[in-house]
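All values below were derived from every heavy atom in this structure, side-chain atoms included, with hydrogens, water molecules and symmetry-related copies excluded. All residue numbers refer to positions in the sequence shown, counting from 1.
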Amino acid sequence: MATQTQTQSRTHADGEAEPFWGRVSRNPRPALLWAGVAGFLLLLELGAAAEFLLTVLSDALAALPTMGRAQFLVAAEEAAGQVPTLLSRETIPNRGYYTGSGYQGTFLGLSPMYAWLLRFVLTYGYAFVTLAWVWVGYDWYREHYRVADWTPRDDVVDRLRSHRWGQFGFVVVFMFFVLVVFAPSVSPTTVAANLADPYGHTLQYYTGTGVEELTVGQANLGSKSTGTLQNNVGPWSYDDYGRFHPFGTLPTGKDLFTFIAHGSRISLIIGLLSVTLSAGLAVILALVTAYYKGAIDLSVVLVSDAVMGMPQLLLLIMLTVILSGTWIGQIYSGAFVLALIFAATGWPAMWRSFRGPALQVSEEEWVDAAKSFGQSPGAIMRKHMLPYISGYILVYGSMTLGGAIIAIAGLSFLGLGVNPPTPEWGRAVNAGQDYVTTASWHISLIPGVLITFVVTGFNALGDGIRDAIDPESDSSTGEGDAAGRGGGA
């Protein structure tokens, strides 16, 4: 007969875990401290977080064919944008003008370069503090509130903590995500002023004898980087109107850093959406074919072989051209249809990666035991098979995402990707291809290096996760080369 243990709230039998909130109530100090830090971090960026969520919701509704942009969401988005935050350009402005004796309009009278650099460093500092808060929360959960002293996940985390290549990938991917989320904060200027409507915005600049005003579009005409030393604004320099450009300018005179920061959002949205859709389809098919085998498995093999037999790049180009004039091709400047095409052509490779582990799990004794107890096929797949292939989903998802970013940049380079004026990294490479050997080398080289760096980071993270999940695997032997190729065209 089981003995009973008395707690403050209820009685628990031996072997029964106390509810999580009961464990927190017995030792609330770590949880309260952790929640207090969370509230403080959120308060610093509450307006920006609300504006970001409202923007995503507004864009999603506007993408539907029967819906327009909801005015109440636009008003709420504008109201959220007025809330002061620590990292906003209103708090730390870097746009000002020289008066002959000092800067007017910049943070504490700093030069535009130092004001922007301060906001950039604070943004990444805030992000890394938030990351440390997440890690401390996980560590405190293990120490104070988790019932088990050890779980297999602890070994995975420990192995990942000693995997230098995987840690390099994690840092690169994390910094890329920070660039995506905080693109408005880290950019020297705004998309509206510099990319979307430059003639609808003005700036002031010092002429040497006084301060004058002109439109941003007119200033961009005088800040072009077109290959000659006389017509070039390179990295880490000012243009003739006192504007600081960390990565220089484009041939149109627009700021390259702003273009890249906001272009990273498009790359990540397309990559995440395509990988999520293709991985979801591949996982479902892997579980179903591994469970039922026979004719169902053979049918999926034939379909996947047919899809993989098509020339993917030609198929991408053809579908992009055909769908460009349709309503679905206009959603998010063509980004949505690109994600669908990548998902439709990328699932066979992922399905083949998941099918092997799923077949192995389906032959285990616990699956036969679950069948003998009368569990439904869906419950068996979800409870007894899916957890054993979840690690492979992380590994191949990470590597496929890097391949998707390369493919998106490649299509944009060919003029078939995201429609202008929406920024995208591949279009920046295309814009500077005629100036690679000139003084304006930065236009193509910087986004090209960033693409390589980010994709390497995703692949390194995937290698780290794979080695942490399966310590018997050895990425140095080349056995994972197929996965390392990613899912790009």
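- Between Asp305 and Arg352, at least one side-chain nitrogen of the basic residue sits less than 4.0 Å from a carboxylate oxygen of the acidic one, meeting the salt-bridge criterion.
- Side-chain contact between Leu450 and Trp425: present, with at least one pair of heavy atoms (C-beta onward) separated by less than 4.5 Å.
- Using cut-offs of 30° and 60° for the angle between ring planes, the Trp236 and Phe244 rings count as perpendicular.
- The shortest distance between side-chain heavy atoms of Phe342 and Leu411 falls below 4.5 Å.
- Of the listed residues (Asp255, Ile260, Thr258), just one forms a side chain to side chain contact (heavy atoms under 4.5 Å, CB included) with Ser187, and that residue is Thr258.
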Kindly indicate, with the supporting measurements, whether the criterion side chain to side chain contact (heavy atoms under 4.5 Å, CB included) is fulfilled by Lys224 and Asn231.
-> CA-CA 6 Å; Lys224 295 180 177 179; Asn231 297 311; 5.7 Å; no
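- When only modelled atom types and interatomic distance are considered, Asn232 and Ser440 share a side-chain donor-acceptor pair under 3.5 Å.
- Counting heavy atoms from C-beta outward, Gln218 and Thr215 have side chains that approach closer than 4.5 Å.
- Among Thr252, Val216, Leu221, the one residue that satisfies the side chain to side chain contact (heavy atoms under 4.5 Å, CB included) test with Pro198 is Val216.
- Within a 6.0 Å sphere centred on OH of Tyr114, heavy atoms belonging to other residues, nucleotides or ligands number 12 at most.
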Output, in order, the C-alpha distance, side-chain angles, deciding distance and verdict of ring pair (Phe, Tyr, Trp, His ring centres under 6.0 Å) for Tyr103 and Tyr98.
-> CA-CA 4 Å; Tyr103 284 98; Tyr98 191 67; 5.2 Å; yes
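- Ring orientation note: the planes of Tyr138 and Trp135 are tilted relative to one another, at an angle of 30° to 60°.
- Applying side chain to side chain contact (heavy atoms under 4.5 Å, CB included) to Ser185 and the options Thr123, Thr91, Leu86 leaves one that passes, Thr123.
- Between the side chains of Arg243 and Asn94, no donor-acceptor pair is found at a separation under 3.5 Å.
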Test log, rule side chain to side chain contact (heavy atoms under 4.5 Å, CB included), inputs Arg466 and Tyr396 = CA-CA 9 Å; Arg466 179 183 56 196; Tyr396 288 98; over 6 Å; no
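- Between Phe458 and Phe176, the ring-plane angle classifies as perpendicular under the 30° and 60° cut-offs.
- Phe128 is not listed as a side-chain neighbour of Trp133, based on a closest heavy-atom distance of 4.5 Å or more.
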Ring pair (Phe, Tyr, Trp, His ring centres under 6.0 Å) assessment of Trp116 paired with Phe257 = CA-CA 12 Å; Trp116 170 81; Phe257 191 99; 5.5 Å; yes
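- At least one side-chain heavy atom of Ser225 sits less than 4.5 Å from a side-chain heavy atom of His442.
- Between Tyr124 and Phe120, the two ring planes are tilted [angle within 30° to 60°].
- Residues Phe182 and Tyr126 have side chains in contact (heavy-atom distance under 4.5 Å, counting atoms from C-beta outward).
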Verify side chain to side chain contact (heavy atoms under 4.5 Å, CB included) between Met308 and Met310, making sure each step is shown before the conclusion.
-> CA-CA 5 Å; Met308 295 180 71; Met310 299 178 186; over 6 Å; no
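- Counted by atom type alone, Thr189 and Asn194 present zero donor-acceptor pairs between their side chains at under 3.5 Å.
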